[in-house]
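Down below is the structure, laid out as structure tokens.
Numbering starts at 1 and runs along the sequence shown. Each ligand, and each atom within it, is numbered from 1 in the order the structure gives.
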Amino acid sequence: MNNEFIWGCASAAAQIEGGAYDDGKGLSIWDAHGKFHRIFKDQNGDVACDSYHRYKEDVALLKELGVKAYRFSISWPRIIPNGYDKKINPKGIEYYNNLINELLVAGITPYISVFHWDLPYEIYLRGGWLNPEISEWFAFYSKVIAENFGDRVKHFIPVNEPECVIGGLGGTDPDNHYSNKELLTMVHNLLLCYGKCVLELRKIKDVNIGIGLCGNGSVPKTDSKEDLEAAYKSFFNTGKGNPWSVSLFGDPIILGKYPDDYYKLYSKDELPDIGEHDMEIIHQVPDFVGFNNYTSTLVEADKSSPLGYKELNWGPDMMYTRGGTWPVVPEGLYYLIKFLNKKYNLPIVITENGTPCYELVTEDKRVHDGFRVEFLNRYIKAVLKAKEEGVDIRGYFVWSILDNLEWYSGYNERFGLVHVNFETLERTKKDSFYFYQNVIKSTKF
Ligand code: BGP
């Protein structure tokens with residue numbers, strides 16, 4: 001991987017493509033969530049931003065924005081409609097070929113997320129992540145991607161946010177109370193999917209692969225050594241029955257073992273069946289750590305707590321986004337970059353960062369999203385601070401280019417640099433679009 005710094009934007013198939021029933025695509029779990037009224041106010045992704053039909057317009061927006069890279073995901077059921085029977089949908093391949101070619105002509109480097117949560121519904125019906133065959137199905141899907149796109153695409157993220165996949169957004173059932181054994185089995189199967197995917201992608205010449213982790217940062221209350229250690233510990237905490245752990249996925253993949261406390265936290269009966277060679281398959285060290293971050297927690301050392309730290313409330317000046325749930329903590333991004341660098345010692349790419357806002361298109365056809373502008377301004381400065389201090393950080397991607405289907409929140413949470421009118425599908429550039437354009441223009445790298 002060359003060490004230039006790349007400015008980018010990210011998206012995901014289920015959130016922007018629409019075309020849910022077009023050209024032989026199979027159903028994904030997110031199509032099913034729409035059908036079964038599980039999304040805010042009965043919304044669905046049937047049309048979403050209609051990028052399946054408007055990808056040229058969207059690539060033109062990315063070009064105007066000036067990003068050097070675009071991270072998008074492939075819809076597994078668009079490529080293999082039921083996910084598992086190895087029957088490839090040529091129209092699906094054609095769509096991504098067109099998108100990739102359009103990006104390359106525009107001078108934009110494609111970053112492909114192989115899986116961003118739209119599990120084929122037929123696989124979900126067959127037990128999803130609990131089915132031991134899933135990693136073989138995923139391996140075949142990955143092979144199809146490598147063989148069809150690997151001549152032109154060199155950057156891949158096999159799984160977006162494994163924590164969220166198992167945490168309820170990528171094919172597990174948020175209302176189901178899985179036993180620890182089931183939870184760990186799903187984690188293990190997902191790790192095998194990652195490993196087998198990388199083995200397929202490594203067949204591509206000059207490929208760059210990133211793990212796609214996510215999580216809240218941990219900010220030390222003071223600069224003291226104790227608080228810094230406390231924040232580091234909290235950031236990598238495993239936690240029993242908790243899929244929202246950086247270490248649970250990062251350690252097996254990068255260090256070749258489950259986190260140190262894994263075998264202490266769980267009894268033998270709770271552990272998954274781990275095959276003799278599984279860890280060799282899983283331990284596929286990536287070329288970079290891709291990390292998605294939105295918010296952070298405040299942490300202080302506390303010897304009286306079993307974990308050695310406690311979480312604190314933010315003060316009254318803290319501003320929150322996401323309906324009051326996500327504190328705006330740019331320094332959290334700075335610290336997590338330092339922590340990831342210390343623990344895993346690999347190049348880092350911030351593969352998602354951004355904020356939803358409440359905003360209106362004004363009569364003069366503008367969107368004045370000042371909150372997002374200031375949010376991005378502060379978070380980007382935090383990234384650049386870590387970079388100036390010598391951390392090997394290779395890129396930053398805004399989530400997202402367009403307002404889109406924000407999973408269970410539907411169209412109620414708008415994250416885009418470009419506003420989408422979901423009735424007319426008209427795109428309107430927001431102030432943050434011009435802000436980011438200017439950041440890209442004015443930095444020397
Ligand atoms: C990431 C997802 C994105 C996007 C974003 C917004 O977790 O990878 O697909 O949806 O977050 O916030 P949320 O955390 O609510 O999904």
Side-chain angles (χ1 to χ4, degrees), residues 8-18 28-31 33-34 38-40 43-45 48-49 51 70-76 111-119 156-172 174 190 194 210-217 243-246 249 289-297 320-329 332-333 336 349-358 369 371-372 375-376 379 395-418 420 422 432:
C9 248
S11 74
Q15 296 181 275
I16 65 162
E17 280 180 7
S28 79
I29 54 160
W30 281 98
D31 300 320
H33 290 331
R38 295 199 192 104
I39 299 178
F40 180 74
Q43 293 166 355
N44 60 56
C49 309
S51 291
Y70 177 49
R71 177 182 163 229
F72 61 95
S73 77
I74 306 260
S75 157
W76 186 351
Y111 276 56
I112 285 183
S113 309
V114 177
F115 179 70
H116 197 135
W117 307 355
D118 44 356
L119 189 72
F156 293 88
I157 292 179
V159 177
N160 178 68
E161 302 187 351
E163 300 94 330
C164 291
V165 172
I166 303 302
L169 288 153
T172 59
L190 181 55
Y194 169 88
I211 188 172
L213 298 169
C214 72
N216 288 0
W244 309 92
S245 159
V246 172
F249 296 94
V289 174
F291 203 90
N292 301 349
N293 172 254
Y294 293 86
T295 188
S296 290
T297 309
Y320 293 82
T321 165
R322 198 86 205 272
T325 57
W326 284 356
V328 176
V329 194
L333 182 52
L336 76 83
V349 177
I350 299 307
T351 35
E352 276 182 31
N353 174 241
T355 182
C357 297
Y358 293 104
D369 55 339
F371 184 86
R372 181 176 292 104
F375 180 101
L376 294 176
Y379 274 75
Y396 170 89
F397 287 66
V398 171
W399 181 269
S400 180
I401 180 65
L402 300 173
D403 291 342
N404 58 48
L405 181 83
E406 180 45 38
W407 310 113
Y408 293 113
S409 308
Y411 302 102
N412 192 38
E413 301 272 9
R414 291 174 175 267
F415 276 85
L417 298 178
V418 176
V420 177
F422 290 103
S432 57

For Asn160, the ligand 1 atoms with a heavy-atom partner under 4.0 Å come out as 8 (O)
Exercise. May I ask whether Tyr408 places a heavy atom under 4.0 Å from ligand 1?
Key: no
### Query
Phe249 and Tyr194: aromatic ring centres closer than 6.0 Å?
no
Note: ligand 1 atoms sitting under 4.0 Å from heavy atoms of Trp407 are 3 (C), 4 (C), 9 (O), 10 (O), 16 (O)
| said: Looking only at the side chains, is there a donor atom on one of Arg322 and Thr295 sitting less than 3.5 Å from an acceptor on the other? | reply: no
message: Testing the 3.5 Å rule here: is there a donor-acceptor pair between the side chains of Tyr70 and Ser11?
response: yes
Parallel under 30°, tilted from 30 to 60°, perpendicular over 60°: which one fits the rings of Phe415 and Tyr294? perpendicular
**Asked** Between the side chains of Thr351 and Asn292, does any donor sit under 3.5 Å from an acceptor?
**Response** yes
Note: ligand 1 atoms sitting under 4.0 Å from heavy atoms of Trp117 are 2 (C), 7 (O), 8 (O)
Those residues at least two apart in sequence (or on a different chain) that pass ring pair (Phe, Tyr, Trp, His ring centres under 6.0 Å) with Phe115 are Trp129
Exercise. For ligand 1, is there an atom lying under 4.0 Å from some heavy atom of Glu413?
Worked result: no
Atoms of ligand 1 under 4.0 Å from any heavy atom of His116, numbered from 1 in the order shown, are 2 (C), 3 (C), 8 (O), 9 (O)
for atom 5 (C) of ligand 1, nearest protein heavy atom and its distance come out as Tyr294 OH, 3.2 Å
With sequence neighbours left out, the residues meeting side-chain contact (heavy atoms from CB on, under 4.5 Å) with Phe40 are Gln43, Asn412
shortest atom 15 (O) of ligand 1-to-protein heavy-atom contact is with Arg322 NH1, 2.5 Å
(request) Check whether any side-chain N or O of Ser113 sits under 3.5 Å from a backbone N or O of Ile157 as a donor-acceptor pair, and report yes or no. (result) no
At under 4.0 Å between heavy atoms, what of Leu169 touches ligand 1? The answer is neither
The protein heavy atom nearest to atom 1 (C) of ligand 1 is Glu352 OE1, 3.0 Å
Near Phe415 (heavy-atom distance under 4.0 Å), the atoms of ligand 1 are 6 (C), 12 (O)
Candidates Glu406, Glu161, Glu163; heavy atom nearest atom 16 (O) of ligand 1 found on Glu406
